[in-house]
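Shown next, in structure tokens, is the structure this report addresses.
Lettering of chains follows the sequences in order, A, B, ..., and the numbering in each one begins at 1. Basis for what follows: all heavy atoms, side chains included, without hydrogens, waters or symmetry-related copies. Small disclaimer: the values here were computed from a predicted structure and weren't measured.
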There are 2 protein chains.
Amino acid sequence: MPAHPHREDAAPADAGAAVDVGPLSGLVGYALRRAQLAVSRDLAEQFAALDIRPAQYSVLVVLARNPGLRAGQVALALGIQRANFVPLLDGLEARGLAERRRATGDRRASALFLTDAGEAMLARLEPLLAAHEAKFAARLGRDGRYQLMGLLHRIGDSAFDPG
Amino acid sequence: MPAHPHREDAAPADAGAAVDVGPLSGLVGYALRRAQLAVSRDLAEQFAALDIRPAQYSVLVVLARNPGLRAGQVALALGIQRANFVPLLDGLEARGLAERRRATGDRRASALFLTDAGEAMLARLEPLLAAHEAKFAARLGRDGRYQLMGLLHRIGDSAFDPG
DNA sequence: TATTGTTATACTCTATAACTATA
DNA sequence: TATAGTTATAGAGTATAACAATA
């Protein structure tokens, strides 16, 4: 709440009134941005206690599900550029959560694995994630959450489609 | 399509199969991120012809609707840090699309306005935005789009709520 | 020639602290 | 003392080009 003692500012628009964002509030992109920011901030807060960012979590999950996957495949699956995946994985490896092994058969490639510490980390992250999800599920309702997921997939799954 | 000539890589997981992202695909935050990325990329492409980014567009819209608004208010309305709003506005002012005037009554504050060129730019952006929105509206259907907006607002409007 | 991982680089977005000039 | 705008800075995310080793 602004102090607003005498309000002698003549020219500017009504300072106390709510700002009119006009057509922005009706745009899918704008609503998506606001929602995504709110959710990712909340998840980042939840994971901060374990010093894990959402992007790092997503890598841990994929490695847990697909041991031995190559770096390029993980990056592709997560929609990350291969070049940007390098420092991301570096960070996980430096902390002993994931490791690169030589892939047998193709000496260019690496096979990625979660370490035991990585598995343990994933287990500790799980309840934090559950709390995060529950918060937003409560706002949406069960049907709302189900509908939202369906609608979001209609948009995001075609990320690189032409039309 | 990977070449995959003899597939002698023994250790790694099945390279040809789709990667299992596990619980990620069921997370609201992950679906939001993918959808938001797809939409913002598309809008950025549409606006690229006029060298305008989505964030710049949002400022132009707010100024058009609220002439004389102060910088802090615009930043607050758009969820941008005041400090980050400065270079954003600098860019618009340098291109003659917006301008800062001295606010009467409070010599600390500035009153922001769209220039004629700014109004003209907004008019030229309008059809590009319409094409962008139409693309995603088509994927969602009219009801789907309406539902999505409602659900997203349930998440994003409470961006700074406690619970 | 093409691909894997990598390096280097740049730009945008986000975040925080601190300064200045006003109030 | 508090506020508006600003400066400076740092960290993430995203993007492209190019290189070495290997295919």
Closer than 3.5 angstrom, by distance alone: can the side chain of [X] be matched with the main-chain N or O of [Y] as a donor-acceptor pair?
X	Y	result
B/R65	A/G22	no
B/Q73	B/R70	yes
A/H132	A/L128	no

In whole Å, I'd like the distance from the [atom1] atom of [X] to the [atom2] atom of [N].
X	N	atom1	atom2	answer
B/Q73	D/dG5	CD	P	8 Å
B/L76	D/dA4	CG	P	10 Å
A/R108	C/dT1	CZ	P	17 Å

Not counting sequence neighbours, list each pair that qualifies as a side chain to side chain donor-acceptor pair (under 3.5 Å) and has a residue in residues 77-94 of chain A. A/D90-A/R100, A/E93-A/R100
Would you say [X] reaches [N]'s phosphate, i.e. side-chain N/O to OP1/OP2 under 4.0 Å?
X	N	result
A/R70	C/dT4	yes
B/R41	D/dA15	yes
B/R102	D/dG5	no
B/Q81	C/dA15	yes

So for B/R107 and C/dT22, does any side-chain atom that can act as donor or acceptor lie under 3.5 Å from a complementary atom in the base? no
Partner residues of A/T115 under the side chain to side chain contact (heavy atoms under 4.5 Å, CB included) criterion, sequence neighbours left out: A/E99, A/A117
Partner residues of A/R95 under the side chain to side chain contact (heavy atoms under 4.5 Å, CB included) criterion, sequence neighbours left out: A/D51, A/I52, A/Q56, A/L97, A/M121
In numerical order, the residues of residues 44-60 of chain A whose heavy atoms come under 4.0 Å of DNA chain D are A/R53, A/A55
Could you list by number each residue of residues 82-93 of chain B showing a heavy-atom separation from DNA chain D of less than 4.0 Å, or answer none if no residue does? B/R82, B/A83, B/V86
Using heavy atoms to find the nearest nucleotide of DNA chain C for A/L37 and A/A109 separately, return the residue whose nucleotide is more 5′. A/A109
Determine whether A/Y30 and A/R34 satisfy the following criterion, side chain to side chain donor-acceptor pair (under 3.5 Å), listing intermediate values before the conclusion. CA-CA 6 Å; A/Y30 187 71; A/R34 305 285 297 215; 3.0 Å; yes
All side-chain hydrogen bond (donor to acceptor under 3.5 Å, both in side chains) counterparts of A/Q46, not counting sequence neighbours: none
Report the C-alpha distance between A/L148 and B/L152 in whole Å, list the side-chain angles of each, state the deciding distance to 0.1 Å, and finish with yes or no for side-chain contact (heavy atoms from CB on, under 4.5 Å). CA-CA 8 Å; A/L148 178 61; B/L152 290 177; 4.1 Å; yes
